[in-house]
Structures are given as structure tokens and as C-alpha cells.
2 protein chains.
Amino acid sequence: MYEKYVKILKEHTLKVTSPRLEILRYLDEHHTHPNVEEIYSSLKKKHPSLSRTTVYNSLEILKKKRIIQSLTISGSELRYDIHEGLHHHFICTHCGTIFDIAITCPNMDRTLYGGHRVEEVQGYFKGICKKCHTKEKRRNNNG
Amino acid sequence: MYEKYVKILKEHTLKVTSPRLEILRYLDEHHTHPNVEEIYSSLKKKHPSLSRTTVYNSLEILKKKRIIQSLTISGSELRYDIHEGLHHHFICTHCGTIFDIAITCPNMDRTLYGGHRVEEVQGYFKGICKKCHTKEKRRNNNG
DNA sequence: CTACTAAATTGTAATGATTACAAATTATAA
DNA sequence: TTATAATTTGTAATCATTACAATTTAGTAG
Ligand SMILES: [Mn+2]
Ligand SMILES: [Mn+2]
Ligand SMILES: [Zn+2]
Ligand SMILES: [Zn+2]
């Protein structure tokens with residue numbers, strides 16, 4: 001069940017602890033770019049002793065090791081994502097959903113720009129998702 | 001002095017008020033992507049009656065009208081930028097500086113993606129700026 | 001297996017950015 | 001000049017995140 005995540009942690013010389021395994025599993029199984037609260041409250045159910053601070057700490061160390069990434073797209077809270085291949089993101093300003101964008105971008109793999117060392121590249125698209133847009137149209141026609 | 005900003009406000013059917021003029025001027029003269037606190041404390045010197053809430057309110061309305069944009073690049077606070085042509089940004093995770101990136105990107109002008117309506121596109125590059133990188137090297141050689 | 005220790009976890013308190021709200025002021029139009 | 005809706009202001013509340021000290025534990029050496 002957790003061998004996969006044990007392996008990841010050991011490969012990065014991180015101690016194998018229950019919170020770390022659970023967080024990794026959660027992010028691996030939920031590609032919804034959850035915030036800290038969503039991760040915490042979900043895991044808390046099965047592991048009542050879990051502390052919110054531990055979730056913050058664990059996410060931070062996983063991020064330092066580049067196992068996960070954090071997204072600043074929402075502007076009010078960090079969202080987390082298992083790091084598997086560079087991809088860009090869309091956020092719907094109406095319903096808040098964040099999803100992956102399958103756009104290739106010539107600047108995605110850049111590691112240098114004018115002498116500055118680039119360590120992360122993030123492409124954020126903000127707008128109204130198809131679902132919300134359709135709902136809005138329907139409301140206008142019926143209302 | 002302020003005719004330029006008066007014009008912008010009127011064109012967008014916004015009431016012409018001193019805080020709005022001052023904020024516009026500040027952003028026009030400081031392309032450093034300041035946060036609310038920097039704008040507030042700077043303007044407060046000349047206009048002691050200015051309220052922080054007004055700065056928040058004004059920035060919000062200017063943003064709604066697309067006169068300015070907010071950047072979520074830092075992850076802890078919004079940074080503001082006069083909106084003049086799409087451009088991407090670099091943030092140095094060491095010194096915090098945010099500056100414009102002159103990279104053209106084929107996805108920058110996108111207004112649609114898979115049926116989703118795109119209203120904003122932001123490209124964020126995070127890493128270590130040349131200056132910090134050079135300092136770091138020097139410290140290693142001399143230390 | 002046991003003992004040790006550095007690292008991780010936990011809970012609580014503090015911080016910092018942003019928002020809510022109600023009272024006072026003011027830009028604009030009649 | 002007056003009316004009024006919009007704006008500004010100050011304070012209090014909220015929410016995400018960080019600081020910190022006490023407790024627990026993963027990993028290792030014996
Ligand atoms: Mn993603
Ligand atoms: Mn800029
Ligand atoms: Zn939506
Ligand atoms: Zn720097």
C-alpha cells in the first residue's frame with residue numbers, strides 16, 4: 001500500500017513517518033490541488049493525533065526536496081501538487097477549481113534567464129471554467 | 001501632474017479621488033511590484049489621513065477595471081503592477097525582488113482553452129537572481 | 001533487543017495579510 | 001446649492017501561516 005511512498009522518502013533521505021506517507025498518498029490520489037486545510041481535515045479523520053503544524057512542516061520539506069510543488073495561483077492560500085512533469089494551471093475565479101493545462105510552452109524548461117538562475121516555472125491561467133460559464137448562460141436565458 | 005491619471009479614471013467611469021490618483025501615480029512611477037504596505041506607507045507620508053483600507057479598496061477597484069494587475073507570485077501577499085502590456089515575472093527567492101521578464105510566449109494572449117474562458121495569463125519564474133547568485137559565490141570563495 | 005539522539009510531531013500562541021463593517025466624508029449630478 | 005450614492009476611514013474580526021517549546025519517535029549503534 002505505502003511501499004511506493006516509503007521508497008520516495010528513502011530516496012530523498014527523509015525519515016519515513018506516518019504523516020509524510022499519508023500526505024504523499026493523499027496528493028497522489030487527489031489531483032485537485034488541495035490546500036493545507038483540505039489535506040489536514042481529510043487525514044485527521046483516520047489519524048486523530050495529526051497536527052496541522054505537521055501538515056505544514058511535512059509539505060514544506062517535501063517541497064524542498066522537489067517531491068511536491070506549491071502553487072500560489074489562488075492568491076490567498078498555497079495549493080499543493082505532486083510533482084510529476086511540468087504543467088500549467090487554470091483557476092476558475094467563480095468556483096475556485098484548479099486544474100492542469102496541457103499546453104506546451106517553450107519557456108517551461110528554462111533554467112536560466114539573463115544570468116538569473118530559474119528553479120521553478122509556473123504558468124497560471126485565470127478565468128471562468130466551461131462549467132461555470134455554461135451555468136451562467138443558462139441562468140441568463142431562464143431568468 | 002495628475003491629468004494623466006484623471007483621464008484614466010474618467011475613461012473607466014470611476015470617481016476621481018485623491019487616493020486613486022496617488023495610487024495610480026505611485027504604481028506608474030514605481031515598477032517594483034510593491035505590496036499594499038509599501039504603497040500605503042509611502043503615500044501615508046504625504047497624505048496622513050490615508051487609510052490602509054482605502055488602499056486595499058482602491059487597488060481592488062483598479063484591478064476590476066483592468067487598469068492594474070495583481071501578482072500572486074510571492075505566495076504571501078499580493079504585489080501590484082500597472083497593466084501595460086502582458087509580460088512575465090521573475091522572483092528571487094533570496095532577496096524577494098520581482099522584475100519583468102522579456103520573454104514572448106505563445107500562450108500569453110490566449111483567451112480560450114478547451115472551452116474555458118481565459119481572462120488572465122501569468123508566467124512566474126522563481127529562482128535566484130544574478131546579483132544574489134554572485135554574492136553567494138563570493139561568500140563561498142572568501143569564507 | 002536496548003539505549004541513544006537528532007529529527008519529527010504536537011498544541012498553543014503569535015504574526016501578518018486581508019476582509020467586514022459602520023460611521024463620517026465627499027465627488028458628482030440635478 | 002443640495003442630495004445622495006459612492007468613497008474613505010478606523011477598528012475589529014478573520015484566515016493562513018509561522019514561532020516555539022514540550023513530547024514523541026525513526027533510525028542507528030552497540
Ligand atoms: Mn497540477
Ligand atoms: Mn511587471
Ligand atoms: Zn468554475
Ligand atoms: Zn536576489
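Letters go in sequence order (proteins before strands), and every chain restarts at 1. Every value quoted in this text rests on a predicted model; they were computed, and no experiment measured them.
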Degree of bending, the helix from C/dC1-D/dG30 to C/dA30-D/dT1 (end axes from five pairs; round to 10°): 40°
A/Lys7 NZ: over 12 foreign heavy atoms closer than 6.0 Å: no
Residues touching DNA chain C, which here means a heavy atom under 4.0 Å, drawn from residues 36-59 of chain A: A/Ser49, A/Leu50, A/Ser51, A/Thr53, A/Thr54, A/Asn57, A/Ser58
Aromatic ring pairing A/Phe99/A/Phe90, orientation class (parallel under 30°, perpendicular over 60°, tilted between): parallel
Short side-chain donor-acceptor distance under 3.5 Å, A/Lys126 and A/Thr93: no
Check against side chain to side chain donor-acceptor pair (under 3.5 Å), A/Tyr26 and A/Glu38: CA-CA 10 Å; A/Tyr26 187 89; A/Glu38 287 168 313; over 6 Å; no
Heavy-atom side-chain proximity of A/Ile91 to A/Tyr124 below 4.5 angstrom: no
Whole-Å gap separating P (C/dT9) and CD (A/Glu60): 13 Å
Parallel, tilted or perpendicular, as decided by the 30° and 60° cut-offs, for the rings of A/His33 and A/His89: perpendicular
Contact list for DNA chain D against residues 6-25 of chain B - heavy-atom distance below 4.0 Å: B/Lys15, B/Thr17, B/Pro19, B/Arg20
A/Leu78 CG to C/dA17 C1', straight-line distance once rounded to whole Å: 13 Å
Exam field: side chain A/Thr72 to backbone B/Thr72, donor-acceptor pair closer than 3.5 Å: yes
Atom-to-atom span, CD1 of B/Ile61 to C1' of D/dA5 - whole angstrom: 13 Å
Donor on one side chain, acceptor on other, A/Gln69 and A/Gln122, under 3.5 Å: yes
Rounded distance (Å) that lies between atom P of D/dA6 and atom NZ of B/Lys65: 12 Å
Between A/Asp28 and A/Tyr5, a side-chain donor and acceptor under 3.5 Å: yes
Backbone N/O of B/Leu50 and side chain of B/Thr54: donor-acceptor pair under 3.5 Å: no
